[in-house]
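The structure appears below as structure tokens.
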Amino acid sequence: MNLHQTLPGLHLKNPIMPASGCFGFGKEFAQFYNLSDLGAVIMKAATGEKRFGNGTPRVAETSSGMLNAIGLQNPGVDSIIKNEVPFLQEYDMPIMANVAGSTVEEYVQVAEKISHHVNALELNISCPNVKEGGVQFGTDPLLAEEVTRKVVEASVVPVYVKLSPNVTDIVSMAKAVQAGGAHGLTMINTLTGMRIDPATRKPIISNHTGGLSGAAIKPIAIRMIYQVYREIDLPIIGMGGIETAEDVIEFLLAGASAVAIGSANFKNPIICKEIIDELPVTLKKFGFQSLKGAIGGAHHETSRAGVFRA
Amino acid sequence: MNLHQTLPGLHLKNPIMPASGCFGFGKEFAQFYNLSDLGAVIMKAATGEKRFGNGTPRVAETSSGMLNAIGLQNPGVDSIIKNEVPFLQEYDMPIMANVAGSTVEEYVQVAEKISHHVNALELNISCPNVKEGGVQFGTDPLLAEEVTRKVVEASVVPVYVKLSPNVTDIVSMAKAVQAGGAHGLTMINTLTGMRIDPATRKPIISNHTGGLSGAAIKPIAIRMIYQVYREIDLPIIGMGGIETAEDVIEFLLAGASAVAIGSANFKNPIICKEIIDELPVTLKKFGFQSLKGAIGGAHHETSRAGVFRA
Amino acid sequence: MRREWMTIIEHQEIARQTYRLVLKGEMVGDVSEPGQFVHIQVSKEYYLRRPVSISNIDMENKTMTLLYKVMGKGTDAMTEKKVAEKVDVLGPGGQGFPIDKINTKKALLVGGGIGVPPLYYLAKQLEKKGVQVTSILGFQSAEQAFLTDEFEALGDVYVTTNDGTLGHQGLVTDLFPYVKGSFDTYFTCGPTVMLKAVTSELTGVPGYISMEERMGCGIGACFACVVPSNDEKGYRRICCDGPVFDAKEVVLS
Amino acid sequence: MRREWMTIIEHQEIARQTYRLVLKGEMVGDVSEPGQFVHIQVSKEYYLRRPVSISNIDMENKTMTLLYKVMGKGTDAMTEKKVAEKVDVLGPGGQGFPIDKINTKKALLVGGGIGVPPLYYLAKQLEKKGVQVTSILGFQSAEQAFLTDEFEALGDVYVTTNDGTLGHQGLVTDLFPYVKGSFDTYFTCGPTVMLKAVTSELTGVPGYISMEERMGCGIGACFACVVPSNDEKGYRRICCDGPVFDAKEVVLS
Ligand SMILES: Cc1cc2nc3c(=O)[nH]c(=O)nc-3n(C[C@H](O)[C@H](O)[C@H](O)COP(=O)(O)OP(=O)(O)OC[C@H]3O[C@@H](n4cnc5c(N)ncnc54)[C@H](O)[C@@H]3O)c2cc1C
Ligand SMILES: Cc1cc2nc3c(=O)[nH]c(=O)nc-3n(C[C@H](O)[C@H](O)[C@H](O)COP(=O)(O)OP(=O)(O)OC[C@H]3O[C@@H](n4cnc5c(N)ncnc54)[C@H](O)[C@@H]3O)c2cc1C
Ligand SMILES: Cc1cc2nc3c(=O)[nH]c(=O)nc-3n(C[C@H](O)[C@H](O)[C@H](O)COP(=O)(O)O)c2cc1C
Ligand SMILES: Cc1cc2nc3c(=O)[nH]c(=O)nc-3n(C[C@H](O)[C@H](O)[C@H](O)COP(=O)(O)O)c2cc1C
Ligand code: FES
Ligand code: FES
């Protein structure tokens, strides 16, 4: 089955890519399989300067998921361009850069620099784990629109905006970034959560709160993608709790044009490759003739045929 | 250990009660244990008139949780007062009525009637599963404040407002209902989610979206209670994914004064009773001298002693 | 009703993707009618319990037989349970076929696929009461058929399969002409589409149908499993008012 | 590094709440240094893998020995695994004690509690290379002590317990006066507070410490497990740059 998918800036040989922050810059996973097998790679967040991130512990286990508060640790955009991108460029798949910052200026600066070296940007206005910047851009439609507009202007490649699920109204956030000129959406980032250790009586995560990811949040991701797909005509890269090829189909039916796999890479470092191999079989099992036939299928209750988008 | 807790309108012999909608009106559980062992009972939602609720399927399984969209099916407030409350009144524990509605008038009407027969109200402005009313009161601070004020005026017993987690800023919602005169908070209700069946290509739940409950949402509940406890001086009845006595302690440390147990009653109908029996042992195991010593403990990082509230 | 860790006495595949699971425990003594079900927690990995009908009871040895088909993740995981392991069971649940309250001399049993199991214990109990039992059992194909010999021992049996690999090719209702006059009451369990076909062909005959719906609590508290009813109350809960209903009581959709 | 379903060859309690788990598989051949670890998926119920040090290796029989203590839900669930079952293991991970790159003639090994296991394979490898090995092993009490005989076979051993039920009562560092002059390099693993005490008492002596932190990926990709370092880079990842570090490389907090 043809798994090919074309999205703004991205020619994907299949719709599967690792999610930002869960795959580093690819090196560690290259020992397990050929990264060229991936639809694309989304790199770990880049900020203007190098960041050390939060104190440890930075992760905690939850039921069917995990909390993380890495705090955007990264070597800074210049070092990423110099030391990390070249490694990924040796493989045959598009690269997305995840762009983070504390101010609009920082977002613009990072986008400007890194967009020359990658195929698309993922604008991260939804990281719940840093004090300044990050998530407030992702929860206030006006700020979201503004930062999107400036980053779109600064970037030489298409910009996907990564939405935060920590909002009352995901559709109005999606509309705001669409108004700002976004070429696509990625959703969802993590939900802000906390765990407290009864033994120490303190939050387990040093940052107190962390972002909840994993299978636990999948129903929320599906719901948000379903809602946004109905209202906004932008391609969606879906994520949140994907662990199997069936999960991928659930995301496609909800309206995602491609998907990213995050924390599941920690359980099984070969998960992306395994899902890529299984996807055609599973699509066939459920009677789909093509990848695109599944996209948005849940919105068309009377017909068995999906609609095409991007 | 003394598990006694006094909250507005509620003299609890222990801090454990079943959550609304997960315990019907108690009859089914009375065959498993003596309901007088419970700290309190929160009844299923009452509306002004009888409601049939949504179509089926109304539940779907998720990783470490479930979706439900019952749609507030209930026999109506008059029938509840006549046919359901008397059964619960035979037991020795306070009763909370969960008050729902589509309009402010309906909320007020239900509160007025039922408050004469119970010890406290739980104002349900957070049900995500009905078309009109319900959740929009729980996501808009002004509406929340208004309906709270009117219900508090109409009620002869204290009013706890049940907060929806489907909001950007839980603290501002809590402040709004405090301004409306709420005597306490219960949190959290379910998160709106969806599952799609790859075989039928449709949402599994007939209502399309449903409320996500269970262990999956516990980290979100803990985070929200922790945030609200810091800012608002109202007692909190915590809920969301509690399955063990350790979970209860996590909620207490975050700032809950008592807790409610919802979907776990479906896995194990005796769960409330089992947790009540285990709680003193577990508190002791973690070095707590009293129930109250645990409440809010996570906010006092330098001391091992908790603070007292309510 | 009780929650009990019951012991697996037997567990084997008896037809394609269909398993017989025999459980031993005190709960067996609580079973009052054929058609009741148990609610099984497959493992901690599956949040909700799975309802499965009781297909047979051995009061003396305190065992109950369940027959289940692999339909999804939970039932698939169930197949891995081994003899001597314990399973978390809640039950027995619901109202079964009210054979002690009704007056039947000649019963027609109509079962489709995984709706056949509860009819077996029903057939046995009816036969014990001296009722003449005629059964129509429908399956997808021969390799998915089961219990046909056991039903033969209790009365006349007609089998249909979708593909004709066993018995008549077609639907259970195709065989109604053959059983005309041989029953005064019917009892049926199977997919909703079959229940609708059966009840609409047999209007006028007293009948009992066993229904399915996704469940939350399984004990009547959550209102997940409702079906519209033909009276003022407007609904029935399948888990506790059913799963067996008088055919005229509920509205099939 | 690889992901492998390794077979349990042996699994037994060897001290209070402390278990020996022997696993067989191809991964054993990949182990290059003492001090490396494996990352174990206990079951689907536990989202994250658990890091456990390799305590011994039998290259010929392709087995590795892990010793683990029950500290929470995951390790508790691990105790239920039976011989012949398979476990999902990722490894071997990280950088161990760089015994081939350093020049030591007399080694001091200091282990605390569940930090003792990786030092055993280290001791064996050092002894094989002709290095004189002295060990100080600290435990909470006699019933929690393990591997003391095995270390005895490889050199001088000093034991301390918190409650004095075995060996000296007190801390591992209390015994430093006794071992003075008997080592040119030290190797230590245990709780962070012990690592701090050891390194601050032995400044000036070349030393290697093995550290712990909560992990996400366990392979270097997620940056969950960082520790501040004394250089421009500013950090090390415990799962891949460590868990063993030169004592001067990292900042203990
Ligand atoms: C009263 C009653 C008696 C039943 N008796 C039998 C029996 O004797 N033998 C048998 O094989 N099956 C029986 N079923 C159907 C059986 O419950 C489902 O096949 C089973 O729950 C599917 O679980 P799964 O994990 O394989 O599927 P999944 O799709 O993974 O299940 C997901 C969720 O949906 C629920 N679900 C899915 N299909 C059904 C269904 N048809 N009915 C109710 N819930 C469903 C599951 O219980 C679970 O909560 C009965 C159902 C009911 C309501
Ligand atoms: C490199 C390394 C080697 C280790 N070697 C051993 C060993 O040989 N024997 C042994 O008994 N223990 C060892 N540990 C500690 C062991 O990983 C923890 O005791 C174990 O993860 C606790 O899991 P749990 O399910 O019992 O606890 P839980 O509290 O249920 O675990 C919850 C989460 O916290 C993590 N966690 C909790 N404590 C620790 C810890 N101390 N270090 C890292 N993660 C933790 C768990 O991995 C899990 O992700 C090692 C740790 C590291 C980092
Ligand atoms: C450890 C960790 C680090 C992450 N770092 C980033 C990041 O740097 N930028 C970002 O946009 N998202 C980050 N995320 C969010 C993921 O990309 C993804 O949106 C989220 O985890 C949901 O997908 P999952 O459930 O498959 O993990 C991170 C997630 C995890 C678990
Ligand atoms: C089947 C079901 C029905 C519910 N009905 C109500 C309701 O009528 N009113 C209400 O306020 N909350 C209702 N809830 C929400 C619960 O009271 C509780 O807030 C939520 O489920 C989180 O707790 P849990 O994770 O322990 O289930 C319902 C939850 C479930 C699962
Ligand atoms: S399943 Fe809860 S009422 Fe029937
Ligand atoms: S655990 Fe992911 S980098 Fe170390």
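All values derive from a computational prediction rather than experimental measurement. In what follows, every chain begins at residue 1, and chains take the letters A, B, ... in the order their sequences are listed. Below, each value reflects all heavy atoms present in this structure, side chains not excepted, and no hydrogens, waters or symmetry copies.
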Between chain D and chain A, which N or O donor and acceptor atoms come closer than 3.5 Å?
from	atom 1	to	atom 2	distance (Å)
D/R3	NH1	A/N268	OD1	3.3
D/Y47	N	A/E61	OE2	2.9
D/L48	N	A/E61	OE2	2.7
D/R49	NE	A/K267	O	2.8
D/R49	NH2	A/K267	O	2.4
D/R50	NH1	A/E61	OE1	3.2
D/R50	NH1	A/E61	OE2	2.6
D/R50	NH2	A/E61	OE1	2.8
D/E213	OE1	A/T56	OG1	3.0
D/A221	O	A/G24	N	3.4
D/F223	O	A/R58	NH1	2.6
D/E232	O	A/K50	NZ	2.5
D/R237	NH1	A/E28	OE2	3.2

Discussion item. Less than 4.5 Å to any heavy atom of chain D: does that hold for the side chain of A/F23, its backbone, both, or neither?
Written reply: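 For A/F23, the contact with chain D is made by the backbone alone.
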Item to complete: Side chain from CB out, backbone as N, CA, C, O: work out which of these in D/I219 comes under 4.5 Å of a heavy atom of chain A, or both, or neither.
Response: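 Both parts, backbone and side chain.
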Worksheet item: Which heavy atom of A/P269 sits nearest a heavy atom of D/L90, and at what distance?
Response: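 A/P269 and D/L90 have their closest heavy atoms at CG-CD1, 3.5 Å.
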Worksheet entry | Distance-minimising heavy-atom pair for A/I70 and D/C222 |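 Shortest heavy-atom contact: CD1-O, 3.3 Å.
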Practice prompt. Give the C-alpha distance, both sets of side-chain angles, the deciding distance and a yes or no for side chain to side chain contact (heavy atoms under 4.5 Å, CB included) between A/F266 and D/M215.
Written response: CA-CA 9 Å; A/F266 305 164; D/M215 293 185 180; over 6 Å; no
Worksheet entry | Most contacts with chain A, counted as non-hydrogen pairs under 4.5 angstrom, among D/G74, D/P228, D/A221, D/A224 |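 Most heavy-atom pairs under 4.5 Å with chain A: D/A221.
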